[in-house]
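Let me begin by presenting the structure, written as C-alpha cells, before commenting on it.
No experiment lies behind these values; they were computed from the predicted model shown. Lettering follows sequence order; numbering is per chain, from 1.
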Number of protein chains: 2
Amino acid sequence: MRSSRPTVLDVARLAGVGASTVSRCLRGGPHLRPEVQERILRAIAELGYEPNEVARSLRGGRTNTIGVVFPHIANTFFSLCIQQIEQEATRRGWTVMLLSHQESVAQQSKQLAVLRRSRVDGVILTPAPGSDPEQVRKELHGMPVVALDRPLWTGVDHVMLRNREAAEMATQHLLGHGYGEIACATASPEIYSFVERIAGYRAAMARAGLGDELILAEDYTRLRAAAGEALRRRPTLRAIISLSNMATFAVVQAIRDVKHEGEREVAMIGFDDVDFATLVEPAITVVRQPTEAFGHEAVALLVQRLTEEAATPLQQRLLAAELVVRASCGCAYRD
Amino acid sequence: MRSSRPTVLDVARLAGVGASTVSRCLRGGPHLRPEVQERILRAIAELGYEPNEVARSLRGGRTNTIGVVFPHIANTFFSLCIQQIEQEATRRGWTVMLLSHQESVAQQSKQLAVLRRSRVDGVILTPAPGSDPEQVRKELHGMPVVALDRPLWTGVDHVMLRNREAAEMATQHLLGHGYGEIACATASPEIYSFVERIAGYRAAMARAGLGDELILAEDYTRLRAAAGEALRRRPTLRAIISLSNMATFAVVQAIRDVKHEGEREVAMIGFDDVDFATLVEPAITVVRQPTEAFGHEAVALLVQRLTEEAATPLQQRLLAAELVVRASCGCAYRD
DNA sequence: TTGTAAGCGTTATCAG
DNA sequence: CTGATAACGCTTACAA
C-alpha cells in the first residue's frame, strides 16, 4: 500500500547531487548555487519528498516534542490549558504528546517512563498528589520540566495561580457583603492548590476575627452531600466558597437541595469560570483562572529553556486570578 | 547535564554478550540461556537502560503513535472523546499526538503534514467542514485513518452517531408532549453532524404533518440572538431542540432572555449531556452522545487495522444516542 | 543459542 | 560550494 516514501537519497539522485546537499537545501543551509537549489526543489516536488522526523530525531538527539502530563483531560480547567498548549506548541513548530495520570502516582510513573523512552525534549507536568519530588526528579532523568498548577521542587520553572490571594479575594468579597459565617468546600483537600486556597480562605477569616468551616469530602458526590449536611446543621450558614469547578458544581447542587426543602438563600462564590455560571439563577460569581496564560506561559517557558544558549534564570510565573462578579455573592449586579 | 544514556551496546558489553542478545532479551525473544538472561537483566538494572523508542521507530518503520486531529480540544464533546482515546491508547501501549484544526481546512492540511512527517502509524480525524475527501485521502498518504463524528469517504472506518435518529427521537418526544411548533437551533449548519440532525428533525416534523423552523447562525453569540428573535417573532413557538452542547447553551440563554421580558414557558431538548443540564431550572432533557464509546471504538478500530494480519472488512460503528429525560421537555419527572 | 553486520533516513564532519 | 562518509540506537537476517 504505502510504497516506502522517498528519502533524501532519492531526491539527491534525481537532482544529480549528493545527499548532504539536499539536506543543506532543506535546512536553509548557507550558500547553494541557485541552479542546484532549483534542481533540488524540483526533485522534492516531483517525488513528494517529506523529511522523516523520526530519522531526524535519532540523528539530532532531539524530537521536537513536548510531553504533557495532566491529572485529567476532560476537566474544563485542564482541557482549556491543553487547548492553549496545543495551539502555542503548534504555532512554534513543536509537537505534543498527551498523557494523563488520573491523580495516581503509579500511573504518573508509567507515563513519565513513556516520555523518557520517547525521548521527548521537555515536559509540562501537573504532578499527582503525593508525588515525591525527588522521585519525580529521578523519573524525569534530566528532561527539562515546567510544573503547571502544582509545585514540583525549587529548581524548575513553575506556572501557578496565586492560590492564596485568589481564595482570600473571594472570602473578602463575601465578608464585604456582611456574611459572617462562610464555609469553604472542596474535595481532595490534599491537592496542593486546594491546600493553598484553604489557607487563603482561613487567613481572610482569621483577619476578620471569624472562625472557619471547612466542608471536605473524598469525591464530588460526597461533597454535595457534605455541603447539604453542613447547611442543614448550621441554619445560620449563609455563604460558601468552592475551590474548583467540580466543587462549584457540587455546591450549587447542595444549595439547590437545601432550597427545595424550604426557603433558604445561600450566597456563594465559585472557582473557575465554568459555563454554567451564567445559566443558573442567580448567576454565579466566580474566581476566574487565566487558563490561556497557563498554557501559553508553560509552553513559552519550556521552549525557552529548550532552545536557550546560556542558562536562563529560574522562572516562577505566578498568575493572578480575577473575580468575576455576578449575582450569587449577593451583589445586585446581574449579568 | 543529561550525560548520554546507555544503549544496548553498553548493556551488551557489561553483560559480556552481543547487542542482539540484549535486544532479544528485551523483546522476549525465543530461548536465552537463563544465566545469560540473568546477566543482561542485571546489566540493564545497573545501567538504568531504557530502550530508545526513536531508534526503534526508525529501524522498525513504526512509531507506535496515533495522531489525533480534532476541531477543538476544549469543547466538552471532544475533550471527553480525547480523554477516552488517551486512556484506551495508553492501556494498549500506544502513544497519542494531539492536534487541532479549529474547523479550518488549511490548518487541517498543516496538521496532517505534521503527522506525515512524524510517521505516525494511524490517524483519528474529525475532518474540518469543507474538506475535500480526495484531498484528505492524498494528505493522509496511505496512513490508516478512522473518521470520528464526521464522514471522510467510504473505504475508511467510521465511528459516528446515528445523527438522524437522535434528532428524530428528540423531536418525537416533544411532539408527544403535544407541541406543534418546534424549532431547531444550531450554529454552523454546514457541519455534517448538524446537517444530519437537521434532516432527522425535519423528517419527524414532516411525518407529523408539521412545518419546520430552523434557527441558524454563524456563531453561538448570534445563535442566542437569533433564537431570541424567533421566539419574539412567533409567540406560539413553545419548543426548541438544539443540536450541540454549544447550541444548547445559546438556546438556554435565549429562552431566559425572553422569559425576562415577560412570562413565557418554552420547552426544550438539548444535545450532549452538558454539566449544566441538571443545574438550570427546569433541568434540561438532552440527547446524550456516548462519548466513551466514541473514544474507545475509534482506538480499537484503528489499532485493529494497524495490527491486523489479513485485511479486516470495513467497519462502520454507528452509535446510538440516548434521550436523558429530565424536565425541560415538559415531562413531570424531576431529577 | 549467540554474535556479527547491515541498514532504517538524517545530518555533521571533513575532504575535495 | 559540494560530495562521500560516519554515526545516531536499534533490530533482523545470516553465520557461527
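Relative to the side chain of B:R59, the nucleotides C:dC8, C:dT2, C:dG9 differ in distance, and C:dC8 lies closest. Checking D:dT12, D:dC10, C:dT10 against the side-chain heavy atoms of B:P51 singles out D:dC10 as nearest. Closest to the side chain of B:L32, from the set D:dC8, C:dT2, D:dG9, is C:dT2. Minimum atom distance to the side chain of A:N52 is reached by C:dT10, of the listed D:dG3, D:dA13, C:dT10.
For the residue pair A:Q87 / A:Q83, no side-chain donor-acceptor distance below 3.5 Å is found, with atom types taken as modelled.
As rounded to whole Å, 14 Å separates atom P of C:dG7 from atom CG of B:L58. Rounded to a whole Å, the CG atom of B:L26 is 15 Å from the P atom of D:dG9.
Heavy atoms of A:V36 sit under 4.0 angstrom from primed sugar atoms or phosphate atoms, though from no base atom. Among the heavy atoms of the strands lying under 4.0 Å from A:V17 are primed sugar atoms or P, OP1, OP2 only; no base atom is included. Within 4.0 Å of A:S20, counting heavy atoms only, lies at least one base atom of the nucleic acid.
Contact annotation: B:S23 reaches the phosphate of D:dT11 (side-chain N/O to OP1 or OP2, under 4.0 Å). The side chain of A:R33 places an N or O atom within less than 4.0 Å of a non-bridging phosphate oxygen (OP1 or OP2) of D:dT2. The side chain of B:R24 places no N or O atom within less than 4.0 Å of a non-bridging phosphate oxygen (OP1 or OP2) of C:dT2.
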